[in-house]
Amino acid sequence: MPKPIKVSFHYDIVSTYSYFAFEILLRYEHRWNLDIDLCPTSLATVFKITGTIPPPLASEFKRLYMLKDLERVSNEYQVPLTLGPEFPGNSSKVMRLLRNLKDKLTPDEFKLATRHYFRENFVVNTPISSPAFLTSLLNTTATTANGNVGIRSLSQADLQQAIAESQSNKAIAELMRTEAKHLVDTHGAFGFPWIVLRKPTSVSAAPYASSNEGEETESWFGSDRFANISWW
């Protein structure tokens, strides 16, 4: 069996297209033999580094187009989406929490946590800046690939401690700034989702794909690039 293709999926819970791409990526996880690394990264920091203006704020024309496009993409992918009263909102608290939880949960549990917060934002519409948004993770009851229901390793006390750590520990905020800068400097990221793939170097490697010690690396922006990813 060939080695899995490594995928680094950089996302922010505030990003609608990250939500779409996350759901589609999981549909292809086993079919394409993907080894997915979920990377919660601060979109606000990437925007600050690159000088990018968020689409909803760039112009009224872009905002209106994006709203129509989100409706179309939601229907195409069959991924439910409604925009809450705070959209786009400030996701700094939940993103610091997710970065903290990544080091505490199993990969399957972390997928559950990521999906939960996307849906809490874009389906349930709990205000993203509220304490209830962070603590809502305890209510998740989805089933993991191993058949476990919910995030069993995370008690209410554990979650409260993780929330407190993520808001008070300056090292977490600094780590996220460092990771965002590395993503921009190394892969040229300017928005989310940003998807980085690595696979064993082929004889006919594309001339524009970077390579390192037997690996090809390529990256894509957006939730509509899966046909090109499949070709690659």
Side-chain angles (χ1 to χ4, degrees), residues 1-41 43 55 66-84 91 94-95 98-99 101-102 105-125 136-137 139-152 183 187 189 191-200 202 206 209 215-232:
M1 183 176 180
K3 292 183 179 179
I5 296 173
K6 299 176 183 178
V7 182
S8 297
F9 180 74
H10 297 268
Y11 64 97
D12 192 306
I13 294 299
V14 79
S15 165
T16 51
Y17 292 102
S18 290
Y19 168 47
F20 291 142
F22 169 79
E23 293 292 345
I24 299 305
L25 189 63
L26 293 188
R27 294 177 189 178
Y28 290 122
E29 180 178 12
H30 300 296
R31 181 177 300 179
W32 287 356
N33 192 25
L34 303 179
D35 179 10
I36 302 173
D37 179 21
L38 296 179
C39 304
T41 311
L43 181 58
M66 188 188 75
L67 293 177
K68 182 63 177 178
D69 188 56
L70 290 174
E71 180 182 355
R72 289 193 300 248
V73 175
S74 173
N75 290 330
E76 177 190 358
Y77 291 161
Q78 293 298 289
V79 175
L81 177 133
T82 55
L83 301 179
S91 62
V94 68
M95 293 308 295
L98 278 170
R99 187 60 188 86
L101 288 175
K102 181 177 180 179
L105 301 178
T106 67
D108 275 341
E109 288 175 335
F110 192 63
K111 286 177 190 174
L112 275 180
T114 295
R115 172 173 277 159
H116 169 83
Y117 282 125
F118 269 132
R119 292 184 175 178
E120 195 71 16
N121 191 23
F122 294 125
V123 179
V124 181
N125 290 156
S136 66
L137 182 59
N139 300 328
T140 187
T141 57
T143 303
T144 70
N146 295 327
N148 298 319
V149 176
I151 302 176
R152 299 193 176 206
L183 183 65
H187 299 290
F192 286 171
W194 199 267
I195 307 171
V196 181
L197 269 67
R198 297 172 179 85
K199 68 177 182 180
S202 64
E215 277 191 340
E216 295 176 54
T217 301
E218 190 60 274
S219 60
W220 288 263
F221 164 67
S223 63
D224 58 349
R225 309 307 297 159
F226 287 98
N228 192 249
I229 290 172
S230 176
W231 165 82
W232 187 75

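Computation of the quantities below employed the complete heavy-atom set of this structure, encompassing side-chain atoms and omitting hydrogens, waters and symmetry-equivalent molecules.
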J.: If you look at every heavy atom in Phe192 and Tyr17, which pair is closest and at what distance?
T.: O-CB, 4.5 Å
J.: Can you tell me how far apart CG (Asn125) and CD (Glu120) are? Round to the nearest 0.5 Å.
T.: 9.0 Å
J.: Could you check whether atom CZ of Arg31 has more than 12 heavy atoms from other residues, nucleotides or ligands sitting under 6.0 Å from it?
T.: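 For Arg31, atom CZ is not crowded (no more than 12 foreign heavy atoms under 6.0 Å).
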J.: Are side-chain heavy atoms of Ser8 and Arg198 found at a separation under 4.5 Å?
T.: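 When only atoms from C-beta onward are counted, Arg198 and Ser8 do touch, with a gap below 4.5 Å.
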J.: Could you tell me the separation between the CG atom of Leu183 and the OG atom of Ser219, rounded to the nearest 0.5 Å?
T.: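 Taking CG in Leu183 and OG in Ser219, the distance rounds to 8.0 Å.
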J.: Using a 4.5 Å cut-off on heavy atoms from C-beta on, say whether the side chain of Ser18 contacts that of Phe118.
T.: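 A side-chain contact exists here, since the closest heavy-atom pair is under 4.5 Å.
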J.: In the structure I gave you, are the side-chain heavy atoms of Leu38 and Leu98 within less than 4.5 Å of one another anywhere?
T.: no
J.: Going by heavy atoms in the side chains, are Cys39 and Phe9 under 4.5 Å from each other?
T.: no
J.: Please give me the minimum heavy-atom distance between Leu83 and Thr16, naming the atom from each residue.
T.: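 Leu83 and Thr16 have their closest heavy atoms at CD2-CG2, 3.9 Å.
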J.: Using a 4.5 Å cut-off on heavy atoms from C-beta on, say whether the side chain of Leu197 contacts that of Trp220.
T.: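 In short, these two side chains touch, coming nearer than 4.5 Å.
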J.: Apply side-chain contact (heavy atoms from CB on, under 4.5 Å) to Phe226 and list each qualifying residue two or more places apart in sequence or on a separate chain.
T.: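 Counting only residues at least two positions away or on another chain, Phe226 forms a side-chain contact (heavy atoms from CB on, under 4.5 Å) with Ala21, Ile24, Leu25, Tyr28, Trp32, Ile195, Ile229.
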J.: At their closest point, which heavy atom of Ser15 faces which heavy atom of Leu43, and how far apart are they?
T.: CB-CD2, 4.3 Å
J.: Below 4.5 Å, heavy atoms only, C-beta onward: do Glu71 and Leu67 meet side chain to side chain?
T.: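 Of all side-chain heavy-atom pairs linking Leu67 with Glu71, none is under 4.5 Å.
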J.: Please find the pair of heavy atoms, one from Val123 and one from Pro80, that lie closest to each other, and give the distance.
T.: CG2-O, 3.6 Å
J.: Return the CD1 to OH distance between Ile13 and Tyr11, rounded to the nearest 0.5 Å.
T.: 5.5 Å
J.: Could you give the distance from CG (Leu70) to OG1 (Thr82), rounded to the nearest 0.5 Å?
T.: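 Leu70 atom CG to Thr82 atom OG1 measures 11.0 Å (nearest 0.5 Å).
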J.: Find the distance between CZ (Arg99) and OG1 (Thr41) and round it off to the nearest 0.5 Å.
T.: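 Separation between the atoms: 8.5 Å.
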J.: Can you measure from CD (Glu109) to OG1 (Thr114) and round to the nearest 0.5 angstrom?
T.: 12.0 Å
J.: With a 4.5 Å cut-off on side-chain heavy atoms, are Phe22 and Pro193 touching?
T.: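 Contact flag for Pro193/Phe22 side chains = no.
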J.: Quick one: salt bridge (charged side-chain N to carboxylate O under 4.0 Å, His left out) partners of Asp37, sequence neighbours excluded?
T.: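 Partners of Asp37 under the salt bridge (charged side-chain N to carboxylate O under 4.0 Å, His left out) test: Lys102.
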J.: Evaluate the criterion salt bridge (charged side-chain N to carboxylate O under 4.0 Å, His left out) for residue pair Lys111 and Glu29; output intermediate values, then yes/no.
T.: CA-CA 12 Å; Lys111 286 177 190 174; Glu29 180 178 12; 2.5 Å; yes
J.: On a heavy-atom basis, which atom in His187 and which in Trp194 lie closest, and how many Å separate them?
T.: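 For His187 versus Trp194, the nearest heavy atoms are O-CZ2, 3.2 Å.
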J.: Which is it for Tyr77 and Ser223 under the side-chain hydrogen bond (donor to acceptor under 3.5 Å, both in side chains) test, yes or no, and what are the steps along the way?
T.: CA-CA 10 Å; Tyr77 291 161; Ser223 63; 4.6 Å; no
J.: Using side-chain contact (heavy atoms from CB on, under 4.5 Å), reason through Phe20 and Leu81 one step at a time and then give a plain yes or no.
T.: CA-CA 9 Å; Phe20 291 142; Leu81 177 133; 3.9 Å; yes
J.: Would you check if Glu23 and Gln78 make a side-chain contact, meaning some heavy-atom pair closer than 4.5 Å?
T.: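 Counting from C-beta outward, Glu23 and Gln78 never come under 4.5 Å.
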J.: Return the minimal non-hydrogen interatomic distance between Leu137 and Ala113, and the atom names on each side.
T.: CD1-CA, 3.7 Å
